[in-house]
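This report concerns only the one structure given below.
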Amino acid sequence: MALPKRRHSNSRTAKRRTHWKLDAPSVGHCPNCDQPKMPHRACPNCGYYKDRMVFIPKES
Amino acid sequence: MRHRKAGNKLGRNTSHRNATLASLTTAVVEHKRIKTTLAKAREARKVVDRMITFGKKGTLAARREVLKTIRDKEIVRTLFEEIVPEYADRNGGYTRIIKLGRRIGDGASVAYLELVGFENVITAKKKAKEKAKEKAKEKAKEKAAEKEAETAE
């Protein structure tokens, strides 16, 4: 059976993993209250989705 | 192979899944809007739309077909008498899903599943709820004030 000929150093492993990166989530902003908001979701701050109030936000 | 077998099994066996979808469907017809996970909303909307299509037929046979899923005669009556007339001019697309983001406990995507055209009913209900809450709060405040007055005496 085929087996590795040489030991794989920690450095090689690390070099391979340099391409494992996380993408930042694309955050939009709410047209109603201008707070940051995830795209295609109701605004958690003001409860609006597009032009319509979807839920009444909690006061805190 | 599961080629072309669309749909989410929701991690349940057939009977459990059918029961879940039936209860979600009943809740949508009764309350016009429900909050559930995105996956369940997407599966349930298929059933809800099918029920409304049955409702449009309006026959006794269609009503009995609906009763297989919504096992409550009163709720089926609201489907036939309140909901279906609203959709006379609409061919499909009776439901709307509004994504809400992720739930804190388990990170599940949550969404509203609502009947298109019943937004006013929903907001009216919500407002009534909020008012009730505010009243409860005021009462609590009054009671607290009374107690304070008593202790001051």
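The sequence lines fix the lettering, A, B, ..., with proteins before strands; numbering per chain opens at 1.
For B:Lys46, the NZ atom sits in a packed shell: over 12 heavy atoms of surrounding residues, nucleotides or ligands are nearer than 6.0 Å. Sparse packing is recorded around NZ of B:Lys35, with 12 or fewer heavy atoms of other residues, nucleotides or ligands lying under 6.0 Å away. A 6.0 Å sphere centred on CZ of B:Arg64 holds no more than 12 heavy atoms belonging to other residues, nucleotides or ligands.
In this structure, chain A has no heavy atom under 4.5 Å from any part of B:Arg102. Residue contact with chain A, scored on non-hydrogen atoms closer than 4.5 Å, involves the backbone and the side chain of B:Glu119 alike.
Ring geometry for B:Phe118 against B:Tyr87 counts as perpendicular: the plane angle is over 60°, on a 0 to 90° scale with 30° as the lower cut.
Applying a 4.5 Å heavy-atom cutoff, the residues of residues 38-45 of chain A that approach chain B are A:His40, A:Arg41, A:Ala42.
Ionic pairing of B:Lys135 and B:Glu138 is not present here: no N-O contact between side-chain nitrogen and carboxylate oxygen is shorter than 4.0 angstrom. Taking the charged nitrogens against the carboxylate oxygens, B:Arg77 and B:Glu74 do have a contact shorter than 4.0 Å, which makes a salt bridge.
Contact annotation: the side chain of B:Leu10 approaches that of B:Leu21 to within less than 4.5 Å [non-hydrogen atoms, C-beta and beyond].
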